[in-house]
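Encoded as structure tokens, the structure appears first; notes follow it.
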Number of protein chains: 2
Amino acid sequence: MNRTKPVVESPSEEEARVPASERAYRRLKQLILDNEIAAGSQMLELEAAARLGMSRTPVREAMVRLEQEGMVELRPRHGMRVLPISPDALAEIYDILTALEGMAAESAARKGANPDQLAALQQAVDEMEEALAADDLLRWSQADARFHRQLVELAGNRRLASIVEQVSDQAHRARLTTLRLRPKPVSSNRDHAALVAAIRDRDPQKAREIHEQHRRRAAEMLVALVRDFGLKQL
Amino acid sequence: MNRTKPVVESPSEEEARVPASERAYRRLKQLILDNEIAAGSQMLELEAAARLGMSRTPVREAMVRLEQEGMVELRPRHGMRVLPISPDALAEIYDILTALEGMAAESAARKGANPDQLAALQQAVDEMEEALAADDLLRWSQADARFHRQLVELAGNRRLASIVEQVSDQAHRARLTTLRLRPKPVSSNRDHAALVAAIRDRDPQKAREIHEQHRRRAAEMLVALVRDFGLKQL
DNA sequence: GCATCACTTAATGCATACATAAATGCATCC
DNA sequence: GGATGCATTTATGTATGCATTAAGTGATGC
């Protein structure tokens, strides 16, 4: 059991208007996404409360939300445990993302995108290109995340965007951890560029196919990596 | 503002081991799904607590969960408001269900189903057939729901099943309310039967296409109905 | 050394109290 | 009649206390 040493974190002034439970939720989630609370490790309500400088009540509310999102499990007397992501879980997650983002791509191409939206997508592609040229994988991954988020938003389905974000967050640590273990994502960015073109050309079938294949390939590689390296605590 | 008159509901013995917050969640959700708390109406924490015979603490936890599921919104000093489902929201919901269930159908056909699983699907189809012959629409809708749930479970993706359930629940009242406004779902059940055959034949593409078209048609009809009848509070 | 039992500790679930601030009601003015 | 200001009421967000019981620890017996 990995117990985090209490470090009291007081709210800054600008945060003071945000309810404590929301602050707790955001902070705990960030700690999980950043792998600062390791997968498989546990944190008691009282520990989190001490660390965040508040009472147990808002902390508990934050933990319930995180449990609802599939990021953690809550067990009486054991606190909040960050759920590790197994290869099988990763495959599940990416199956869902493939279906939903494929639908988003199709929707975006059907609805069409205005010049600003297309420019933003293209800008993300360009930035990925630059990041690859500069061997800056972190920058690449940030632009990649932005691209995917923008794509989903283009579908104009608020529920979809929310679900995709939650599901994607579950795999975040796995992506981060394997970032330097993967081959340089050159063909990945070719897919991105082709997808932008399909959206511009208003070709829903093509957009969907490109993106589903793209997502499937990425998933296969990621799942295989996690399996091959025996990574268990992601 | 529609205020529900407090009726105290004490837990039965078999429920006593279920935490109060879980009981509150289930009860409130059922009230929403059954349209006993009307869309658009509000219920204060204290009202719900009085009605459920517990303190505000577990009630609040239940409400936070329901908010996370997109069933309600919580506003300080206004309590929990059941979110109405507009035609646009319905379209969003069904787009998501179409993508996810289409993926489930493809997955089920790819993995294959054992004889028990196939029999269960076929049994649901048969029961829908009987219900149609007996003009028992409620029975039909229950068998229909069962069919869809079983289909999604066949994909063997636990996260998928959970997401589909949540998204589907958001549209539950709309389905219930329009049940008798829709034409008799004869062709719907033909789709179901064809899907079972595609799964049995292990034809993923066909399964996916059948089911996506089925879902799309159902969505179009439902959305049009809600629009045409000017139904706002679903 | 291992299993069992009794006792103690402590983490959660929940109830209650308190502080804050939004909503409401009322009086006054134009 | 409508707008404004002020006082009062009240619903939430949170802190704290209490009851329950699971988990941990130590002693004992085989």
Side-chain angles (χ1 to χ4, degrees), chain A residues 1-6 8-29 37 40-68 72-83, chain B residues 1-6 8-29 37 40-68 72-83:
Chain A
M1 181 154 52
N2 181 16
R3 293 196 180 246
T4 310
K5 174 168 172 162
V8 179
E9 302 171 358
S10 322
S12 63
E13 266 205 30
E14 72 209 38
E15 290 179 319
R17 264 186 265 157
V18 179
S21 59
E22 181 69 26
R23 277 188 281 118
Y25 166 74
R26 290 177 190 175
R27 188 75 185 114
L28 288 176
K29 187 162 183 182
I37 313 179
S41 69
Q42 299 178 167
M43 184 183 260
L44 301 176
E45 288 180 4
L46 264 185
E47 289 171 352
R51 182 166 182 178
L52 301 180
M54 61 183 75
S55 77
R56 280 172 50 220
T57 312
V59 162
R60 179 171 181 78
E61 193 170 304
M63 286 180 173
V64 166
R65 286 172 66 187
L66 288 167
E67 185 180 43
Q68 196 105 342
V72 305
E73 75 178 357
L74 302 185
R75 282 175 64 214
R77 315 189 65 80
H78 292 76
M80 171 184 88
R81 176 169 167 268
V82 178
L83 287 171
Chain B
M1 181 151 54
N2 181 16
R3 295 203 178 238
T4 311
K5 174 167 173 168
V8 180
E9 305 171 357
S10 323
S12 62
E13 266 203 33
E14 69 207 41
E15 289 180 319
R17 261 182 269 158
V18 179
S21 60
E22 180 69 26
R23 276 188 282 120
Y25 167 74
R26 291 177 190 173
R27 187 76 183 111
L28 289 177
K29 188 162 180 180
I37 312 178
S41 69
Q42 300 179 166
M43 183 183 263
L44 301 177
E45 288 180 4
L46 265 186
E47 288 171 353
R51 183 166 184 179
L52 301 180
M54 61 182 76
S55 76
R56 280 175 49 220
T57 311
V59 161
R60 179 171 181 78
E61 194 171 304
M63 286 180 173
V64 167
R65 287 172 64 188
L66 288 168
E67 184 180 43
Q68 196 103 341
V72 304
E73 74 177 0
L74 301 185
R75 281 176 64 213
R77 315 195 62 81
H78 291 76
M80 172 186 86
R81 176 169 167 268
V82 178
L83 287 171

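None of these values were measured; they are calculated from a predicted model. Below, chains carry the letters A, B, ... as their sequence lines are ordered, and counting in each starts from 1.
With rounding to the nearest 0.5 angstrom, the CE atom of B:Met43 is 4.0 Å from the CD1 atom of B:Ile37. Atom CZ of A:Arg26 is separated from atom OG of A:Ser21 by 10.0 Å, given to the nearest 0.5 angstrom.
For B:Arg77 and D:dT10, a side-chain-to-base donor-acceptor distance below 3.5 Å is present, hydrogens and geometry of angles not being considered.
The side chain of A:Ala20 sits closest to D:dT14 out of D:dT14, C:dA23, C:dA15. Of the candidate nucleotides D:dA23, D:dT12, C:dC14, C:dC14 has the atom lying nearest to any side-chain atom of B:Pro19. With D:dA11, D:dA15, C:dC14 as the choices, the nucleotide that has an atom nearest any side-chain atom of B:Ser55 turns out to be C:dC14.
Protein atom CE of B:Met80 is 15 Å distant from nucleotide atom P of D:dA11, rounded to whole Å. Regarding A:Leu44, its CG atom lies at a distance of 13 Å from the C1' atom of C:dT9, rounded to whole Å. Nucleotide D:dG24 holds its C1' atom 10 Å from the NE2 atom of A:His78, rounded to whole Å. Atom CD of A:Glu47 and atom C1' of C:dT12 are 13 Å apart (whole Å). For the pair A:Glu67 CD and C:dT12 C1', the computed distance is 13 Å after rounding to whole Å. Atom CG of B:Leu46 and atom P of D:dT12 are 7 Å apart (whole Å). Across the protein-nucleic acid pair, A:Gln42 atom CD and C:dA10 atom P stand 17 Å apart, rounded to whole Å. One atom, CE of A:Met54, and another, P of D:dT16, lie 13 Å apart when rounded to the nearest Å.
Of the residues near DNA chain C, A:Glu45 and B:Pro58, the one whose nearest nucleotide (by heavy atom distance) lies more toward the 5' end is A:Glu45. When the nearest nucleotides of DNA chain D are assigned to A:Arg56 and B:Arg75 by heavy-atom distance, the more 5′-ward of the two goes with B:Arg75.
Classification of B:Glu67 and B:Arg75 as a salt-bridged pair fails, no side-chain N sitting under 4.0 Å from a carboxylate O.
Between A:Ser21 and D:dT14 there is a side-chain N or O to OP1 or OP2 distance below 4.0 Å.
In this structure a side-chain-to-backbone donor-acceptor pair under 3.5 Å is missing from B:Glu22 to B:Pro19.
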Candidate pair A:Arg65 and A:Glu61, rule salt bridge (Lys or Arg N to Asp or Glu O under 4.0 Å), full reasoning: CA-CA 6 Å; A:Arg65 286 172 66 187; A:Glu61 193 170 304; 5.7 Å; no
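B:Glu61 comes within 4.0 angstrom of nothing in the nucleic acid, heavy atoms only.
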